[in-house]
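Below, each value reflects all heavy atoms present in this structure, side chains not excepted, and no hydrogens, waters or symmetry copies.
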Amino acid sequence: GGPRPLRILMPSYRSHPHTGGQGVYMRHISRALVDLGHSVDVVSGPPYPELDPRVGLIRLPSLDLYARRKVLGGFPEFPREALGDPIHLYEYIAHISGAFPEPNTFGMRMVRHFTRAGCPYDVIHDNQTLCWGLLELKKRTGVPVVGTIHHPITMDRRISVEAAETLTLRLLTRRWYSFLDMQIKVARRLDPVIVVSKSTERDVVRDFGLDPARMHLVYHGIDTGTFRPLEGVARRPNRLICTASADVPLKGLVYLIEAYAKLLPAHPDLELHVIGSLREGPTARLLDRLGIRDRVVFRSGLTDEDIVRMYAEASVAVSPSVYEGFGFPAGEAMACGVPTVATDGGSLPEVVGDGGIVVPARSPDALAEAIAGLLADPARARALGQKGRERILSRFQWRTAAENVTAVYGRAIADAHRRSVHA
């Protein structure tokens, strides 16, 4: 009576929602696919995802050196477990040389696991690992591989290199992003590629050299059941909220901080709350130079319900990113009914549309002007918040995303079958 349920394997080298949008995507798209009747297993390295109980999880432990280094503030000591495992050993050597080997070593572990355990799936849906192991698994099993590209990491590299303050740091940044050569070559050999915005499609064509005919646009959804207006919680008329990593130039937090400093003379009680953590670096130095470190509140380790309450109390949400492949924070703020100001970085105009205010990226003056306009006109702000939620409800639903992704799977499986018949 309809398409048969599929057995889907979803690789993702690090998948916890707090690590970024790829973790958010994995949690929600896997649940939506199960809701449609499919069987889904996620294979992931640490930090592991938060998944619906109906979704299987295959853990591939790694050394997790990137996380250890962030905690310790330097290179981690040589781990004993690396002695008995050549993949561990390679991962450690590559890491201390300044590279980021996790996507590649995840693929190695994945091939090793499924060579031993078998690969009983109809389709493999990669969550932007874009590792050599995907091609090896495809070669050994014949299972078609569909890939989702949230945005090309060439954009992260370009912006990070531009933000590097010394030649040495620029060279180290380029070394860290050396995994991109692998990702570009693997992306060109996947069956079809799913892109999550028109902006991503344009940039993947330019930076990865992919044929537009091989790409399928499938917008993400927003969890509108979780991210919603809260009854009985009053908005504070003087509170800005932003979700952004302080040490990632891509997220543009420095431009919002500069805009905030410009607003303070006219709005001395204005608050800025950032969902994220502050470490010593360019953002902290900017706060000190402006003399407002004690005025900006950073909060991390929050649950979704904590974040929803923060949105409910905020008067304006701001997404100051230089570039976004999709922009979950902007969509979630809009789903909560918060009047939203966003930049034109990457796909943000596609998400925000007429449900928020869009200003040029990298412009503190434009951010400050848009924020000031909403603070001065509460009626306009309320109307914009309502319009933003209506836009998310009408355009960005996970069930629709899962249905569109399933259609891409069907084409990939049919193409793989035709190739095997004619081989």
Side-chain angles (χ1 to χ4, degrees), residues 1-62 106 109-110 113-114 116-129 133-134 137 141 143-148 150 191-192 194 196 216 218-228 302-308 326 328 331-332 335 392-393 396-413:
R4 68 177 177 87
L6 298 175
R7 298 164 299 173
I8 304 162
L9 176 66
M10 304 190 78
S12 182
Y13 68 88
R14 47 174 47 228
S15 312
H16 194 278
H18 290 169
T19 63
Q22 288 175 228
V24 175
Y25 177 75
M26 182 56 68
R27 176 168 64 180
H28 292 294
I29 194 66
S30 62
R31 180 172 63 192
L33 287 166
V34 170
D35 286 342
L36 293 180
H38 303 299
S39 170
V40 179
D41 285 338
V42 171
V43 55
S44 174
Y48 298 112
E50 295 177 351
L51 299 172
D52 186 285
R54 299 168 296 168
V55 176
L57 174 60
I58 301 167
R59 292 178 171 87
L60 295 184
S62 73
F106 168 79
R109 294 183 181 100
M110 181 172 62
H113 173 85
F114 288 108
R116 296 169 178 171
C119 190
Y121 300 98
D122 298 302
V123 65
I124 299 169
H125 179 180
D126 177 55
N127 185 27
Q128 199 163 328
T129 69
L134 290 169
L137 203 57
T141 66
V143 178
V145 180
V146 175
T148 286
H150 301 273
D191 292 303
I194 294 168
V196 303
H216 301 271
V218 179
Y219 284 115
H220 292 329
I222 297 293
D223 182 2
T224 53
T226 298
F227 292 93
R228 66 204 186 280
L302 303 171
T303 66
D304 284 345
E305 287 300 323
D306 294 332
I307 294 171
V308 170
F326 180 74
F328 280 115
E332 289 167 354
I392 297 300
L393 289 171
F396 301 104
Q397 292 295 319
W398 280 114
R399 182 178 181 88
T400 302
E403 290 170 346
N404 291 335
V405 164
T406 302
V408 177
Y409 295 162
R411 288 191 284 271
I413 293 167

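In this structure, Leu137 and Val145 have side chains that are not in contact, with every pair of non-hydrogen atoms separated by 4.5 Å or more. The closest side-chain heavy-atom distance from Ser39 to Pro5 is not below 4.5 Å. A 4.5 Å side-chain heavy-atom check between Ser30 and Met10 finds at least one atom pair inside the cut-off. Taking 4.5 Å as the limit, some side-chain heavy atom of Leu134 sits within range of a side-chain heavy atom of Met110. Annotation: side chain of Arg31 is in contact with side chain of Asp223 (closest heavy-atom distance under 4.5 Å). At least one side-chain heavy atom of Arg54 sits under 4.5 Å from a side-chain heavy atom of Asp35. The side-chain heavy atoms of Ile8 and Tyr409, taken from C-beta on, include a pair separated by under 4.5 Å. At least one side-chain heavy atom of Pro11 sits less than 4.5 Å from a side-chain heavy atom of Phe106.
No salt bridge links Asp41 with Arg7; every basic N to acidic carboxylate O contact stays at or beyond 4.0 Å. Salt-bridge annotation for Asp122 and Arg4: present, with a side-chain N of the basic residue lying under 4.0 Å from a carboxylate O of the acidic one.
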Problem - Steps toward side-chain contact (heavy atoms from CB on, under 4.5 Å) verdict (Asn127, His150) - result: CA-CA 8 Å; Asn127 185 27; His150 301 273; 2.7 Å; yes
Practice task
Determine, step by step, whether Val43 and Arg109 satisfy the side-chain contact (heavy atoms from CB on, under 4.5 Å) criterion, reporting the C-alpha distance in whole Å, the side-chain angles of both residues, the deciding distance to 0.1 Å, and the verdict.
Solution key: CA-CA 10 Å; Val43 55; Arg109 294 183 181 100; over 6 Å; no
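Considering every non-hydrogen atom in both Ser44 and Pro49, the closest pair reads OG-CD, 3.7 Å. The minimum heavy-atom distance between Ala401 and Tyr219, with the atom names listed, is CB-O, 3.4 Å. Across all their heavy atoms, Glu403 and Leu36 have their closest contact at N-CD1, 3.7 Å. Taking every heavy atom of both residues into account, Phe114 and Ile58 meet most closely at CZ-CD1, 3.9 Å. Closest approach of Ala402 to Leu33, counting heavy atoms only: O-CD2, 3.9 Å. Among all heavy-atom pairs drawn from Val143 and Cys119, the shortest one is CG2-O, 4.2 Å.
In this structure, OG in Ser12 is found 9.5 Å from CD in Gln128, a value given to the nearest 0.5 Å. Rounding to the nearest 0.5 Å gives a distance of 9.0 Å between CD1 of Ile29 and CG of Asn404.
A donor-acceptor pair under 3.5 Å links the side-chain atoms of Arg228 to the main chain of Thr226, judged by distance alone. Remark: the backbone N or O of Ala335 is not paired with any side-chain donor or acceptor of Thr224 at under 3.5 angstrom.
Partner of Leu51 under the side-chain contact (heavy atoms from CB on, under 4.5 Å) criterion, chosen from Val34, Leu57, Val40: Leu57. Only one option out of Phe328, Phe326, Phe227, Trp398 pairs with His28 in a ring-ring contact (aromatic ring centres under 6.0 Å, His included); it is Trp398. Screening Leu393, Ile392, Val24 for a side-chain contact (heavy atoms from CB on, under 4.5 Å) with Ile222, the sole residue that qualifies is Ile392.
Under 3.5 Å, the side chains of His220 and Tyr25 contain no donor-acceptor pair of N or O atoms.
The ring-ring contact (aromatic ring centres under 6.0 Å, His included) test applied to His113 returns no partner, not counting sequence neighbours.
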